[in-house]
Amino acid sequence: MESGTAGTSTETAGANGAEAPAAEKLDVHNPATGERIASIPINSPRAVAETVARVRANQAGWEAIGIEGRYHWLGKLRDWLLDNAERVGDTMQAETGKVRADATTEAIYLTDLINFYGSKAEKFIGEESVRPHSPLLASKKLSIQYRPYPVVGIISPWNFPLTLALGDAIPALQAGAAVVIKPSEFTPLGLAEVVKAWKEEIGGPDVLDCVQGIGETGGALVDAADFVQFTGSDRTGRKVMARAAETLTPVSLELGGKDPMIVLSDADLDRAANAAAYGGMMNSGQICISVERIYVEGPAYDEFVQKLTKEVGGLRQGADGKAFEKDVGAMTSPNQTAIVEDHVDDALAAGAKALTGGKRVEGPGDYFEPTVLVDVDHSMKVMRDETFGPVVSVMKVRDSEEALRLANDTRYGLSASVFGEKERAERVARRVECGAVNVNDVLVNYLAMDVPMGGWKESGIGFRHGEYGIKKYCRPESIVVTRFSGKREPTWFPYTKARRGLVGRIAQAFNARDLKRRLGMRG
Ligand code: NAD
């Protein structure tokens, strides 16, 4: 098994005792129990190319039914998600080890997103009429139509297996593209279930499919697709971008983060501490926009740390079935637990203190204790690299200037939060270098799909949500129609002194911005 991948196994099967070629499979485990719950075939690069070719053949028909026609089908997907929320929640919970509350948020987000893009698509990507900027183009009717990339390939991670796969597929489908998704090898089941329902229960057009596997399958999708939407680590994002460069395929990359939270001395410290606990521990801290680093102005530090430690120390961890009675679930990928442990051990060895948590939980299942670290500094991995686990680290700062300097001292720039008196906090928030900042809240920018969500610096290239989140799947096609004309334009052949002189004088009259030059005189 390649390090950094889910378990794979090889099985041979053959009719009448004949040896068939080995079929590699992905073994899927429930992280809350460690139990193997499924084993599914890996798609070869050839199968990926065939899947892309098949949906590509159906894309023109999908584009032709228009925005309303596509919303009709996506609306059926919304209804299916609403009707099957429990079933989807069960699969999510089984393959991720999430607590019930976290496992059931995905369908809620997706149904909202379908309605958002269904109702806004005409505004965002509908045909645009444009007035020519120059009277010399007065005879032209200008318009822009937004035509989709035929096939969008989506490669997604394991922390929100539906949100980060279907969530990017929905605007692409609404734009008229066909979509093929490669979900994470750790969490392939939920997406496969929805895609199967799209085909068999909803009866949707054959423009949505998924392929299963690890890096080789993902690479084959990069080769075959016309646009690649990738969500995952910056390490893999670089590989995807390099591979896409070979075919000049555009990419949008949603990568990691190391999100700071700044707590000003005039903040409501109860709200700030509760928000830090939620923003740092929701989904076991396995969110790209999790709160990871906290900078607190001196006068508020002691009280904030005491409240935060109490809140985090009181969180209920474990598997809760359908009972909604736990707060923090399992680590979904065992590789990630090792990273979290390494960051915490590195910090503790260098002088940091764990006020609560600080280590793995003994099995069954893969859990890391909700952890609050203090006495940390920027030489430690836990303050520099993405931890992606239930760990928040707190530093005392002199003032907001020092908080901003430290918050911006990172190669990442996904999102941030600032707590304090509203106007002061907003002034500070505007100076954080990242794609989105929440004032007196955490994580909520992801639900505000009206505005873009994406990373600065090494947190990504491109954005999802808002107008940009659907327009990126389209190529503008400018249509320039001649409304009235003679046999030839004055600029066409044959060139003569008289005609070029006339064109020059007209251009000068329009382009000059002072009277003398307009009249053909030198300034
Ligand atoms: P990862 O980079 O290991 O894997 C992401 C996907 O890429 C998986 O489907 C994987 O199979 C595939 N892949 C691996 N090698 C590939 C290759 N060579 N070519 C093509 N595809 C390949 O990331 P992960 O561990 O699944 O997810 C965690 C990371 O995702 C974290 O860094 C997190 O911050 C990031 N993330 C970002 C966002 C965001 O919106 N910015 C959201 C969620 C997660």
Side-chain angles (χ1 to χ4, degrees), residues 101 257-285 287 289-317 327-328 344 347 352-358 369-378 380 382-383 387 389-410 414-432 434 436-448:
K258 188 75 198 166
D259 284 7
M261 171 172 173
I262 295 175
V263 182
L264 302 173
S265 50
D266 49 17
D268 173 340
L269 295 184
D270 286 311
R271 181 169 173 86
N274 294 339
Y278 177 68
M281 307 296 152
M282 194 240 171
N283 207 44
S284 288
I287 313 183
I289 54 174
S290 288
V291 172
E292 296 215 353
R293 303 175 286 145
I294 307 177
Y295 304 100
V296 189
E297 280 189 323
Y301 179 82
D302 289 339
E303 192 182 341
F304 172 82
V305 166
Q306 179 248 321
K307 288 176 188 293
L308 173 65
T309 307
K310 184 161 180 251
E311 180 73 10
V312 172
L315 294 175
R316 301 158 302 171
Q317 187 171 40
D327 304 306
V328 180
V344 172
K353 242 192 347 258
L355 297 183
T356 183
E369 293 175 346
T371 299
V372 176
L373 295 180
V374 291
D375 298 341
V376 291
D377 63 50
H378 277 214
M380 300 172 183
V382 82
M383 295 303 275
T387 306
V391 179
V392 287
S393 306
V394 195
M395 266 179 92
K396 188 196 284 194
V397 293
R398 253 188 332 274
D399 53 23
S400 60
E401 287 305 313
E402 188 181 16
L404 274 167
R405 184 178 61 72
L406 290 168
N408 291 334
D409 175 27
T410 170
L414 199 51
S415 69
S417 53
V418 181
F419 282 73
E421 183 279 320
K422 206 168 53 197
E423 277 155 26
R424 182 171 170 234
E426 185 176 338
R427 279 198 303 278
V428 172
R430 286 173 182 276
R431 294 174 57 201
V432 185
C434 65
V437 196
N438 296 299
V439 174
N440 290 329
D441 207 338
V442 287
L443 309 181
V444 73
N445 66 290
Y446 205 92
L447 302 178

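Here, residue 1 is the first one in the sequence, and each next residue gets the next number.
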- Message: Would you compute the distance between atom CD of Q317 and atom CD of E369 and round it to the nearest 0.5 angstrom?
- Response: 7.0 Å
[X] side chain to [Y] backbone, donor-acceptor under 3.5 Å:
| X | Y | answer |
| --- | --- | --- |
| R293 | L406 | yes |
| D259 | S415 | yes |
| D375 | K353 | no |
| E297 | P299 | no |
| D327 | R316 | yes |
| N445 | A448 | no |
| E426 | V439 | no |
| K258 | V382 | yes |

- Item | CZ/R431: more than 12 non-hydrogen atoms of other groups inside 6.0 Å | no
- Message: Quick one, V296 and V305 - any side-chain contact, counting heavy atoms below 4.5 Å?
- Response: no
- Query: Does a side-chain heavy-atom distance below 4.5 Å link M281 with V392?
  - Reply: yes
- Task: Could you tell me which non-hydrogen atom of L404 sits nearest to which non-hydrogen atom of V428, and how far apart they are?
- Result: CD2-O, 3.7 Å
- Task: Could you check N438 against L443 for side-chain contact (heavy atoms from CB on, under 4.5 Å), going step by step and ending with a plain yes or no?
- Result: CA-CA 7 Å; N438 296 299; L443 309 181; 5.7 Å; no
- Item | SB check K307 E303 (cutoff 4.0 Å) | yes
- Task: Report the C-alpha distance between F419 and I294 in whole Å, list the side-chain angles of each, state the deciding distance to 0.1 Å, and finish with yes or no for side-chain contact (heavy atoms from CB on, under 4.5 Å).
- Result: CA-CA 11 Å; F419 282 73; I294 307 177; over 6 Å; no
- Pairing residues for D409 by the salt bridge (charged side-chain N to carboxylate O under 4.0 Å, His left out) criterion, not counting sequence neighbours: none
